[in-house]
Amino acid sequence: MEERIWWKEAVCYQVYPRSFNDSNQDGIGDINGIREKLDYLKDLGIDVIWVSPIFKSPNDDNGYDISDYQDIMDEFGTMEDFDLLLKETHDKGMKLILDLVINHTSDEHPWFIESKSSKDNPKRDWYIWKEGQQGKEPNNWGSIFNGSVWEQTPETDEYYMHIFSKKQPDLNWENEQVRSALYNMVNWWFNKGIDGFRVDAITHIKKSFDEGDLQYSNDDTTFKPAFERYTNRPGILEYLSELRDQTFNHFDIMTVGEANGVTPENAEDWVGFDHGIFNMIFQFEHLGLWNTEETGFDVIQYKEIMTKWQNQLESKGWNALFIENHDQPRLVSTWGDDERYWYESATSHATNYFLQKGTPFIYQGQELGMTNYPFESIYEFDDIAIKNEITLKQIKGESTEGLLETHRKVSRDNSRTVMQWDTTKHAGFSDVEPWFHVNPNYKQINVESELEDEYSVLNYYKRLISLKKSKDVFNYGVYQLIDKEHPQIYSYKRTLLSDEVIIMSNLTNEEALISKDINLSHYDLLLGNYDEVRQIDTLLPFETRVYQLR
Ligand code: GLC
Ligand code: CA
């Protein structure tokens, strides 16, 4: 068996602090609000809590635009509150990891304020500045959040680069002073005792300026995101290995990189046990399947993608497992069925991803089966990327029709509505009107009601988590896909020495016949999401079962 390490056996939970729990009744979730819910998380079976950014920020992108890495956002509390959160988390036997956003800062960070002030400011080179081309942007690269990556400033007339919003200028990783300032900051947090970082947008720190414009014709106002020029570019691993050597390697911590653009083929460089940068990464390949509007959810393709990651890293590196986060719509409303098979689809998908080999992450509210929000107007969205899109269209005099229909299905704002704690007003999140919407279904879907109901999504998650912790085969067992051509059922085996389990999940809303090659007579049922097995050889809509070889 491979080496035992705590983070390989951990179940992680992501808190999006703004929407988690408001302790001081101003409508905004906060650090003391998280402290109030530590027992809830402990009771659920959580080992590691990842808290999305809590640092000083003008909140253009909800904290992913940081103006002081070593201070706490006023709305979230104080450093004393944070120290208590860390201590109490540890006292309860859990660990705490934070979000490390080092591809960019806020434009209100003192570094940037200095940098933009003049061409000869000592911090000028800390960001990426270029001259315009014939009165236009330096090149045709588009931002991930719509529009150009370039923004001109009046102080010098030059342009700075921002892959995300214009209030998130990209740091210049080519500059050694930038790198060492960041490493010092990272080590400062480790010395404080935090247990690791989720590392934001880290595949974007290297840019390929030599490769120039993208090949497409643009009419000045339409830009295409230039992923090909700023995602996982050659040379990036040099910076990242320096980051690892100067920081991560000196502490007993866990790291998970957000790694858009990394493929199973190059994953070992990123998470290999020997020379990888991070302990694990969030890969993006299965996220492409969220846009299922035309074809529906493709089970075969999903199996293919997940299996490639499982196989490629077997004995060589480690996977992070997730189906939701703060950048995705809710699972039950996309891959699942939030009406007819709400409970079944939430639990079938849960079982399927959770028992694969790797460290599973649960996003707040996922464990309740929280659903997408019924947005009724484009002005109800908060996401800066959507706001940019609306503004750009309006400037060009284009219609914004259709935006509502698309974004209400796929927008990440769907997962940012407030956590549903109970049936009281504002779902128990706050006594006052929250900063963002409360899903109208909170009277049915909430922690308090689900705790009382043995067959709730929440109690299913509890059973699932304790099952995972009960046997090493779920942590270290080798993964093997079964029946890869089955269009409805995702089944796989996990084996460790003489232990063998089979996990099978129908990921569709129709009955599905189990393959004849699987002889279930030698297996005992450990967990299922229907009250009983009605037909041994058939999985009902979104039925899932976990079996163990006798
Ligand atoms: C990551 C975060 C996302 C944020 C972006 C810019 O993708 O998960 O929420 O908007 O980086 O920091
Ligand atoms: Ca508050």
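Atoms considered below: every heavy atom in the structure, side chains included; atoms not considered: hydrogens, waters and symmetry mates. We count ligands from 1, going down the list as the structure has it; atoms in each ligand are counted the same way. Bear in mind the structure is a predicted one, so any value in this text is a computation, not a measurement.
Using modelled atom types and a 3.5 Å distance limit, the side chains of Glu448 and Trp421 yield no donor-acceptor pair.
Within 6.0 Å of NZ in Lys166 there are 12 or fewer heavy atoms belonging to other residues, nucleotides or ligands.
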Distances for all N or O pairs of ligand 1 and the protein under 3.5 Å?
{"unit_1": "ligand 1", "atom_1": "7 (O)", "unit_2": "Glu258", "atom_2": "OE1", "d": "3.1"}
{"unit_1": "ligand 1", "atom_1": "7 (O)", "unit_2": "Glu258", "atom_2": "OE2", "d": "2.9"}
{"unit_1": "ligand 1", "atom_1": "8 (O)", "unit_2": "Arg198", "atom_2": "NH2", "d": "2.9"}
{"unit_1": "ligand 1", "atom_1": "8 (O)", "unit_2": "His326", "atom_2": "NE2", "d": "2.9"}
{"unit_1": "ligand 1", "atom_1": "8 (O)", "unit_2": "Asp327", "atom_2": "OD2", "d": "2.5"}
{"unit_1": "ligand 1", "atom_1": "9 (O)", "unit_2": "His326", "atom_2": "NE2", "d": "2.9"}
{"unit_1": "ligand 1", "atom_1": "9 (O)", "unit_2": "Asp327", "atom_2": "OD1", "d": "2.7"}
{"unit_1": "ligand 1", "atom_1": "9 (O)", "unit_2": "Asp327", "atom_2": "OD2", "d": "3.4"}
{"unit_1": "ligand 1", "atom_1": "9 (O)", "unit_2": "Arg412", "atom_2": "NH1", "d": "3.2"}
{"unit_1": "ligand 1", "atom_1": "10 (O)", "unit_2": "Asp61", "atom_2": "OD1", "d": "3.3"}
{"unit_1": "ligand 1", "atom_1": "10 (O)", "unit_2": "Asp61", "atom_2": "OD2", "d": "2.5"}
{"unit_1": "ligand 1", "atom_1": "10 (O)", "unit_2": "Arg412", "atom_2": "NH1", "d": "3.1"}
{"unit_1": "ligand 1", "atom_1": "11 (O)", "unit_2": "Asp200", "atom_2": "OD1", "d": "2.9"}
{"unit_1": "ligand 1", "atom_1": "11 (O)", "unit_2": "Asp200", "atom_2": "OD2", "d": "3.2"}
{"unit_1": "ligand 1", "atom_1": "12 (O)", "unit_2": "His104", "atom_2": "NE2", "d": "3.0"}
{"unit_1": "ligand 1", "atom_1": "12 (O)", "unit_2": "Asp200", "atom_2": "OD2", "d": "2.9"}

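Protein atoms of type N/O/S that fall under 3.0 Å from the Ca ion (ligand 2) number 5 in this view.
Under the rule for a side-chain hydrogen bond (donor to acceptor under 3.5 Å, both in side chains), the partners of Lys192 that lie at least two apart in sequence or sit in another chain are Asp83. Residues forming a side-chain hydrogen bond (donor to acceptor under 3.5 Å, both in side chains) with Asp269 (at least two apart in sequence, or on another chain): His275.
Cation-pi check for Lys167 over Phe112 is not met; the charged atom does not lie both under 6.0 angstrom from the ring centroid and within 45 degrees of its normal. The cationic group of Lys8 lies under 6.0 Å from the six-membered ring centre of Trp318 and within 45° of the ring axis, placing it in a cation-pi geometry.
Between Glu228 and Arg233 there is no salt bridge, since none of the side-chain N atoms of the basic residue sits less than 4.0 Å from a carboxylate O of the acidic one. With salt bridges taken as basic N to acidic carboxylate O contacts below 4.0 Å, none links Asp107 and Lys116.
Between His204 and Tyr230, the angle of the ring planes goes over 60°, which puts this pair in the perpendicular group of the 30/60° scheme.
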